[in-house]
Amino acid sequence: MRLSKSFIPTLKELPSDAVIPSHILMLRTGMVRMLSAGIYSFLPLGYKVIKKIADIIREEMDAIGGQEFHLPALNPKEIWEETNRVEAFGDTMFHVKNRDYVLAPTHEEIMAFHAKGVLKSYKDLPQIWYQIQTKFRNEPRPRSGVIRGRQFLMKDSYSFDSTWENLDKSYELHDQAYRKIFDRCGLKYFVVGASSGAMGGSKSEEFMVRSEAGEDTVAFCESCGYAANVEVAASVIASITRHGNSKSVYEIHTPDVKSIDELCEFLKIDQRETAKSRIYIHNEKPVLVLMSGNDDVNETKLAKVLPGNLRPGHPDELKTITGADAGSIGPLEFKHRIIADLRLQDGNNLYSGANKNDYHVGGIDLQRDLPNVEYFDLRTVESGEGCPQCNSKLEVFKAIELGHIFKLGTKYSDALGVNFLDEKGEAHPVIMGSYGIGVERVAACYLEQNHDEYGIIWQKPLNPFDIHLIALNLKNVEMEKAGDDLYENLQSEGFEVLYDDRKDATAGFKFNDADLLGMPVQIILGEKNYKNGKIELKNRRTGEKQIVEFNKIIETIKKIL
RNA sequence: CGGGGCGUAGCGUAGUCCGGUUAGCGCGCCUGCUUUGGGAGCAGGAGGUCGCAGGUUCAAAUCCUGCCGCCCCGACCA
């Protein structure tokens, strides 16, 4: 590709809307342009990368027996109503105004629709069907460039099996395929167990990449590889100390003391001597959730303990329920259910709110004063706590979800009546799995992990070109000829070459563009070296430059690639 | 949806508080000449519904009202 004729609009200045490196780099290198919030056009360079990622995915999906479909994005709403997912998706689903269609946010229903009546016998199973297509979700807040968009490219596949054991096999095939895909893309990733959320189904795992731009928070153990979404992560921590002597309960005047930090400062105590109260409304009834110090209530864990309708109490409800505002609420005299985090179990000499504004109480003994409290693991783990598997230190950080594999079960086949006949002629719902990869996220994560202050550092196999050929002094006809010849030769050797043949750009301009665009090998064709039969090559990743004989070009390139 | 910020030429921005020249600057773009190993120099030039609509005023980028859009934090998130 000749740069003089190609549409690769690079930006010298930082785009003001972009914050994270991948977004900035995609804009600066002319890979994408935004059309509207969360809606991006892929320009030729960006699309080239997307196609390379999609090809890798295709190869690995085909290798496990996957068959590629091309499905409609426009779906009759009726099908989605059969599985009750119009309601489940709510405002996240795009609705077409002038016909009863929706824009598909995923494709379980449509794949199941096609399976119905066609996968009739156990002999037809298993099947793995996949597609690489655009999905639509009306995200309330798109962000981080292509990482969270309202329209995005997703590889989703669906497995259809006759037994749960076979589903395990399909799931395992995907697990292995996903590892190969992300390995081939050169990503540093890890796998976490996750809750299945609104998709329904049992087991699920997420493929994650560590990034400040991530929307998930995970706990990770370097030494044993334990990884879990912080929503479900456990940790080993010391319980609070039970003192030999239990003081009796006494009231303390604490004007303007609201937070645990303020309370600790006011009383010169450690946060572990305090118990924080949060009021939740569970199936219309108040529940007090007691935590040690500033420990965070983990609402996912809480929801498991309190199934059904659950929400935090509104500030204006708190006074009616407890007699005090947030900041002065406590467990003593609380007239409804109280549950507490395990860390607090059997604690004594604790400080908490007095259910009277501007007052706290000390000397609480949970055994003595609140014998009916129920204890559960309710806290959110934090960095530095012990790994539940090996007791090494856990690290908690943000991560981007690249892929997610689910054992769906029969939720969709039940709802849509996708049945097969077993050996005995009995009908059963087909057992499904569902497996997604965010294709643009793969590109974004690659950039997050492979850049420096000058720009992108591409390496095989995602690099849009192998070689960035920079020809200088092009107004010299001899040099122009040399550049053109080299360009042709490199291509005939099978390399993908981006040829900077611009006559009006200065050398420095070209060098900086090359570093920004980041092809693995830069070849600099300059007059002086050329006259000595030599040429300069630069390794973008290491920055190493070498001047070689013209006839050594190919072997040198192959070493770098 | 809550909180905060922003919207002025393709990009980045000044001016807005306190209304008053022809809306300024850098980059980019066009023409010419000179340059050509780390984002060139000189000269000339094009390019603006100041987000949109309404209002106040002799006068609005600037003040008021409504709306739209974008970014960040939060809520939400198969």
Side-chain angles (χ1 to χ4, degrees), chain A residues 9-20 23-24 27-28 30 33-39 80 83 85 88-93 104-109 135-145 147-150 152 154 156 158 194-201 204 206 212-217 229 231 299-300 311-312 315 400-401 403-408 411-412 433-438 454-455 470-476 479-480 500 502-517 522-530 535-536 538 543 545 547:
Chain A
T10 57
L11 299 175
K12 190 153 73 178
E13 285 170 289
L14 283 179
S16 63
D17 281 348
V19 176
I20 64 167
H23 189 194
I24 292 171
L27 289 169
R28 288 196 60 206
R33 285 290 184 267
M34 186 178 79
L35 183 62
S36 178
I39 305 178
W80 289 84
T83 54
R85 290 178 100 202
F89 271 104
D91 197 46
T92 302
M93 179 175 261
T106 171
H107 276 88
E108 280 80 9
E109 278 77 357
K135 305 287 189 245
F136 300 85
R137 291 185 197 177
N138 185 23
E139 296 293 347
R141 179 149 97 85
R143 69 186 88 177
S144 306
I147 288 174
R148 186 172 198 74
R150 294 214 167 105
F152 55 95
M154 176 159 141
D156 48 329
Y158 305 88
S195 67
S196 304
M199 278 305 288
S204 90
E206 292 172 333
E212 271 311 301
E215 304 180 290
D216 292 86
T217 308
N229 196 303
E231 288 176 359
E299 297 196 350
T300 307
R311 62 169 174 85
I400 296 169
E401 178 187 341
H404 203 157
I405 56 179
F406 290 92
K407 292 185 184 176
L408 281 181
K411 175 180 162 131
Y412 298 94
S434 155
Y435 317 87
I437 293 178
Y454 305 108
I470 301 165
L472 304 173
N473 313 79
L474 282 175
K475 285 181 182 165
N476 176 334
M479 293 311 293
E480 188 184 10
D500 193 342
R502 293 174 297 184
K503 287 185 177 161
D504 48 357
T506 58
F509 194 95
K510 292 182 174 186
F511 293 144
N512 284 313
D513 248 5
D515 286 343
L516 175 63
L517 292 171
Q522 291 175 16
I523 299 182
I524 299 116
L525 176 67
E527 207 163 350
K528 276 182 206 153
N529 284 326
Y530 178 71
I535 193 156
E536 179 177 334
K538 177 176 162 183
K545 294 174 187 172
I547 293 167

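Convention: sequence-line order gives letters A, B, ...; per-chain numbering from 1.
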> Base, sugar-phosphate alone, or nothing: which one does A:Phe152 contact when heavy atoms must sit under 4.0 Å apart?
Replying inline: base

> Does a side-chain N-to-carboxylate-O contact under 4.0 Å join A:Arg502 and A:Asp513?
Replying inline: yes

> Roughly, in whole Å, what's the span from CD in A:Glu215 to C1' in B:C77?
Replying inline: 7 Å

> Looking only at side-chain N and O atoms, does A:Arg141 come under 4.0 Å of OP1 or OP2 in B:C1?
Replying inline: no

>> Treating A:Tyr435 as the side-chain partner and A:Gly403 as the backbone partner, does any N or O pair qualify as donor plus acceptor under 3.5 Å?
In response: no

> For atom C1', what is the distance between B:U22 and B:C50, given to the nearest Å?
Replying inline: 15 Å

>> In whole Å, I'd like the distance from the CD atom of A:Glu139 to the P atom of B:C70.
In response: 14 Å

>> Please enumerate all residues that pass salt bridge (Lys or Arg N to Asp or Glu O under 4.0 Å) together with A:Arg148, with sequence neighbours excluded.
In response: A:Glu139, A:Glu215

> Given the C1' atoms of B:C68 and B:G54, what is the spacing between them in whole Å?
Replying inline: 14 Å

>> Mind checking if A:Asp515 touches a base, just sugar-phosphate, or nothing, with heavy atoms under 4.0 Å?
In response: base

>> Could you tell me how far apart A:Asp513 (CG) and B:G37 (P) are, to the nearest whole angstrom?
In response: 17 Å

> Looking only at atom P, what distance separates B:C18 and B:G10, rounded to whole Å?
Replying inline: 31 Å

> With no hydrogens and no angle check, is any side-chain donor or acceptor of A:Lys538 less than 3.5 Å from a backbone partner on A:Gly543?
Replying inline: no

> Out of B:G38, B:G28, B:C70, which nucleotide sits closest to the side chain of A:Ala37?
Replying inline: B:C70

> Can a donor-acceptor pair under 3.5 Å be found between the side-chain atoms of A:Lys545 and the base atoms of B:G38?
Replying inline: yes

>> What does the B/S/- profile of nucleotides 8-14 of chain B look like, 5' to 3', with a 4.0 Å heavy-atom cutoff to protein?
In response: ---BSS-

>> Assess the residue pair A:Asn473 and A:Glu480 against the criterion (side chain to side chain donor-acceptor pair (under 3.5 Å)); give the C-alpha distance rounded to whole Å, side-chain angles, the decisive distance to 0.1 Å, and a yes or no.
In response: CA-CA 8 Å; A:Asn473 313 79; A:Glu480 188 184 10; over 6 Å; no

> Among the nucleotides B:C70, B:G39, B:C72, which one has an atom lying closest to any side-chain atom of A:Arg28?
Replying inline: B:G39

>> Using a 4.0 Å heavy-atom cut-off, does A:Asn529 contact any base of the nucleic acid, only the sugar-phosphate backbone, or nothing at all?
In response: base

>> For a salt bridge (Lys or Arg N to Asp or Glu O under 4.0 Å) check, start with the C-alpha distance between A:Glu108 and A:Lys411, then their side-chain angles and the critical distance, and finish with the verdict.
In response: CA-CA 10 Å; A:Glu108 280 80 9; A:Lys411 175 180 162 131; over 6 Å; no

>> Using whole Å, what does the distance between atom P of nucleotide B:A75 and atom CZ of A:Arg143 come to?
In response: 9 Å

>> Using atom C1' in both nucleotides, what's the gap between B:A53 and B:G4 to the nearest angstrom?
In response: 26 Å

>> Could you tell me how far B:C64 sits from B:G19 if I compare only their C1' atoms? Round to whole Å.
In response: 13 Å

> Rounded to the Å, how far apart are A:Arg502 CZ and B:A40 C1'?
Replying inline: 14 Å

>> Go nucleotide by nucleotide along RNA chain B from the 5' end; which of A:Leu516 and A:Met154 gets its closest nucleotide reached first?
In response: A:Leu516

> Under the side chain to side chain contact (heavy atoms under 4.5 Å, CB included) test, which residues partner A:Lys528, sequence neighbours left out?
Replying inline: none

>> Using atom C1' in both nucleotides, what's the gap between B:C73 and B:U8 to the nearest angstrom?
In response: 27 Å

>> Quick check on RNA chain B: between A:Pro142 and A:Glu401, whose nearest nucleotide comes earlier from the 5' end?
In response: A:Pro142

> Are the side chain of A:Arg33 and the backbone of A:Leu27 linked by a donor-acceptor contact shorter than 3.5 Å?
Replying inline: yes

> When you look for runs of 3 or more Watson-Crick or G-U pairs in a row, both distances below 3.5 Å, which of them include RNA chain B?
Replying inline: B:1-7 with B:68-74, B:10-13 with B:24-27, B:29-34 with B:40-45, B:51-55 with B:63-67

>> Measuring only between side-chain heavy atoms, which start at C-beta, is A:Pro105 closer than 4.5 Å to A:Met93?
In response: yes

> Closest heavy-atom contact between A:Val19 and A:Ile24?
Replying inline: O-CD1, 3.6 Å

>> Counting the atoms with a prime plus P, OP1 and OP2 as sugar-phosphate, which does A:Ser36 contact under 4.0 Å by heavy atoms, base, sugar-phosphate, or nothing?
In response: sugar-phosphate

> What is the distance from CG of A:Asn476 to P of B:G37, rounded to the nearest Å?
Replying inline: 12 Å

>> Taking any heavy-atom pair under 4.0 Å as a contact, classify A:Ser144: base, sugar-phosphate, or nothing.
In response: sugar-phosphate

>> Taking the C1' atom in each of B:G32 and B:C70, what is the distance between them to the nearest angstrom?
In response: 40 Å

> Expressed as a whole number of Å, how far does the C1' atom of B:C17 sit from that of B:C30?
Replying inline: 39 Å

> Do the side chain of A:Asp156 and the main chain of A:Gly436 share a donor and acceptor less than 3.5 angstrom apart?
Replying inline: no

>> Whole angstroms only, please: what is the NE2-P distance between A:His23 and B:C70?
In response: 12 Å

> Atom CZ of A:Arg148 and atom C1' of B:C71: how far apart are they, to the nearest Å?
Replying inline: 16 Å

>> Run the side chain to side chain contact (heavy atoms under 4.5 Å, CB included) test against A:Asn512 and tell me which residues pass, sequence neighbours left out.
In response: none

> Do A:Trp80 and A:Phe89 come within less than 4.5 Å of each other through their side chains, counting heavy atoms only?
Replying inline: yes

Distances for protein N or O near nucleotides 32-36 of chain B N or O, under 3.5 Å:
unit_1	atom_1	unit_2	atom_2	d
B:U35	O4	A:Lys475	NZ	2.5
B:U36	O2'	A:Asn473	ND2	3.0
B:U36	O4	A:Lys475	NZ	3.1

> When you measure from the side chain of A:Lys538, which nucleotide among B:G38, B:G37, B:G39 comes out closest?
Replying inline: B:G38

>> Any heavy-atom pair between the side chains of A:Met479 and A:Leu525 that's under 4.5 Å?
In response: yes

